[in-house]
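Whatever order the structure lists ligands and atoms in, that order sets their numbers, starting from 1.
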Amino acid sequence: MKQILNFIGGTWVEPAGGTYFDDVNPAKGQPYAHIPDSDNRDVAQAVEAAQGAFPGWSGRSIHDRHRILARIADLIDQNLEELAEAESVDNGKPLKLARKIDIPRASANFRFFATAVMQFASESHHMGNVAINYTLRQPLGVVGCISPWNLPLYLFTWKIAPALAAGNTVVAKPSEITPMTAHLLTGICQEAGLPDGVLNIVHGYGHKTGEAIVEHPEVKAISFTGGTKTGARIASIAAPKFKKLSLELGGKNPNIVFADCDYDTMLSTTMRSSFANQGQICLCGSRILVEESIYEKFKHDFVERTAALRIAQPLDPQSQIGAVVSEAHMEKILSYVQLAREEGGRVLTGGKRRILEGAHAHGFYLEPTIIEGLDQQCRTNQEEIFGPVVTIQSFKTEEEALKMANSTPYGLSATLWTENLTRAHRTAEQLKAGIVWINCWLLRDLRTPFGGVKASGVGREGGFEALRFFTEPKNVCIKYGDA
Ligand code: NAD
């Protein structure tokens, strides 16, 4: 069994309570590592270390911070194979996905924010011949970063890189379901010369370790990515303490297909936006809305291609669908397929657990699933399933498509397929979502604002938005003349 430890003040330490719980390899359904079951004592120790490191780190020049963060990015690249395999084993995702997307994006996050902080500037406001105002943007102090299991190192670094670049020190908690690559990152940070106490990682359960971070009075801001219910709980604790909050939450994203789209590109991208990472990406288009005139053709082609996807253990180079992250999550997804049936849905393909042979017989594999025949208001079409399950529905008019697209509590992203430029702009404007992709999906420029509306979250990550979140603006007004 592998052993994960907390990383506090630059050293690897046991949890104060001395207890651990299992990290399960979802591809085999077997425990393979021990995770610290940390509590508020560990969090207090981490906050103390971060407080101690803050004056030194925030006082370093931006060139120094740039150099260290860029070095972390280089070391992630150099350790790509080890990190990709660790991510695949911990999460169940195909190794080739971790190698192509997750780990390169983790290094890109560090490289991007190492550079962004060199370009970051603040405003000044000139008042005639009277005064000049300028905005100081100062780091907040100790900040908390809490991330989910679906893109473990990718989303963990998406938070800690801007927090560190802006001069904060960090107490971070990766998901207790996928903590391995965050643990491996600690060695990389040390090798890169990140000073002790600047990044502290405390492992453990959300309700215990996570809440202790949110509650701690010296943690000035919380950057959280995860489920909407958890986000509400975190907000209820942090808001009365007036902490800065960034909440990136769940989604139920529409993928709207107009008959005038580039059909082949739409179909191959829709395969990815439906089932990449076993459908466990907050941006997956789980509700596919198709214009009536091409609905039957789309249904035929989509079902055929989905049924042909290769479900295999994640380290198999041919694997297109790996394991979902845990047994509990697999059961949750299957319960939604059952609910869809009860609501009158027809399962066109998939809908079941897949048992693999040999060492992977106890892994958590699900067939990619397509369901039709449901109305927009049923629970299957309103609630986030977060697995390889999509519904397809037809629409007659643009107005109807928009109404369906906007009628969930969520508003993270939307995808739109049309060759009609006017319609593309008109529809993008009316979609209630933080991100709209036209004729593409998950095409990311890290400078753009990233986040959702409605129950999908509050605040934006990405680019200067993230650096603004992790700094406090202070206006300085200097009078030098009379009106
Ligand atoms: P989750 O909310 O269960 O857990 C996320 C993190 O929060 C974990 O580290 C967990 O330990 C911690 N946590 C749980 N309860 C807590 C509490 N009371 N206080 C503090 N921390 C707590 O989410 P998950 O199941 O890990 O991830 C899946 C969810 O994340 C989905 O809803 C998905 O849509 C969402 N997600 C959103 C985005 C986005 O950018 N909007 C990206 C990825 C995933």
Taking distance alone, with N or O pairs closer than 3.5 Å, would you say K173 contacts ligand 1?
yes
Mind checking whether V214 has an N or O less than 3.5 Å away from an N or O of ligand 1? no
Atom 33 (C) of ligand 1: of F386, F156, Y410, the nearest heavy atom sits on F386
If you compare P148, G250, A212, G226 by their heavy atoms, the one closest to atom 35 (C) of ligand 1 turns out to be G226
Which of the atoms of ligand 1 are close to [X], meaning less than 4.0 Å from one of its heavy atoms?
X: F450; result: 40 (O)
X: G227; result: 1 (P), 2 (O), 23 (O), 29 (C), 30 (O), 32 (O)
X: G210; result: 19 (N), 20 (C), 21 (N)
X: L412; result: 41 (N)
X: R233; result: 18 (N)
X: N150; result: 43 (C), 44 (C)
X: L155; result: 42 (C), 43 (C)
X: P174; result: 9 (O)

W149 meets the ring-ring contact (aromatic ring centres under 6.0 Å, His included) criterion, sequence neighbours left out, with H329, F386
Validation: residues 199-206 side-chain donor-acceptor distances under 3.5 Å, sequence neighbours left out:
residue : atom : partner : partner atom : Å
N200    : OD1  : G9      : N            : 2.9
N200    : ND2  : V170    : O            : 3.2
N200    : ND2  : G197    : O            : 2.8

Between [X] and [Y], is there a donor-acceptor pair closer than 3.5 Å when you use the side chain of the first and the backbone of the second?
X: D23; Y: H34; answer: no
X: N277; Y: N150; answer: yes
X: K96; Y: S319; answer: yes
X: D375; Y: Q377; answer: yes

*Using a strict cut-off of less than 4.0 Å between a Lys/Arg side-chain nitrogen and an Asp/Glu carboxylate oxygen, indicate whether R233 and E211 qualify as a salt bridge.*
yes
Check: Do we get K2 above Y32's six-membered ring, with its NZ or CZ under 6.0 Å from the centre and within 45° of the axis?
Finding: no
(request) Test the R105-Y154 pair against the cation-pi criterion, namely NZ or CZ under 6.0 angstrom from the six-membered ring centroid and within 45° of the ring axis. (result) yes
| field | Verdict with reasoning, T391 to N381, per side chain to side chain donor-acceptor pair (under 3.5 Å) | value | CA-CA 7 Å; T391 63; N381 271 329; 2.6 Å; yes
Tell me whether ligand 1 is touched by G457 - counting only heavy atoms on the residue side and a distance under 4.0 Å. no
Exercise for the section: Show your working on salt bridge (charged side-chain N to carboxylate O under 4.0 Å, His left out) between E215 and K241 and close with a plain yes or no. Expected result: CA-CA 8 Å; E215 273 169 355; K241 297 181 192 291; over 6 Å; no
Task: Is_contact(atom 4 (O) of ligand 1), protein non-hydrogen, under 4.0 Å - done: no
Among side-chain atoms of K159 and S223, is any donor-acceptor pair under 3.5 angstrom?
yes
For residues W12 and T186, is any side-chain donor paired with an opposing acceptor at under 3.5 Å? yes
Can you report which non-hydrogen protein atom sits closest to [atom], along with the distance?
atom: atom 15 (N) of ligand 1; result: T230 CG2, 3.2 Å
atom: atom 12 (C) of ligand 1; result: I146 CG2, 3.6 Å
atom: atom 19 (N) of ligand 1; result: E211 CG, 3.2 Å
atom: atom 34 (O) of ligand 1; result: E384 OE2, 2.5 Å
atom: atom 9 (O) of ligand 1; result: S147 O, 2.8 Å
atom: atom 26 (O) of ligand 1; result: W149 CD1, 2.9 Å
atom: atom 13 (N) of ligand 1; result: G206 CA, 3.3 Å
atom: atom 39 (C) of ligand 1; result: C282 SG, 3.4 Å

With heavy atoms and a 4.0 Å threshold, my read on which part of I177 contacts ligand 1 is neither
Is the CD atom of Q376 crowded by more than 12 outside heavy atoms at less than 6.0 Å?
yes
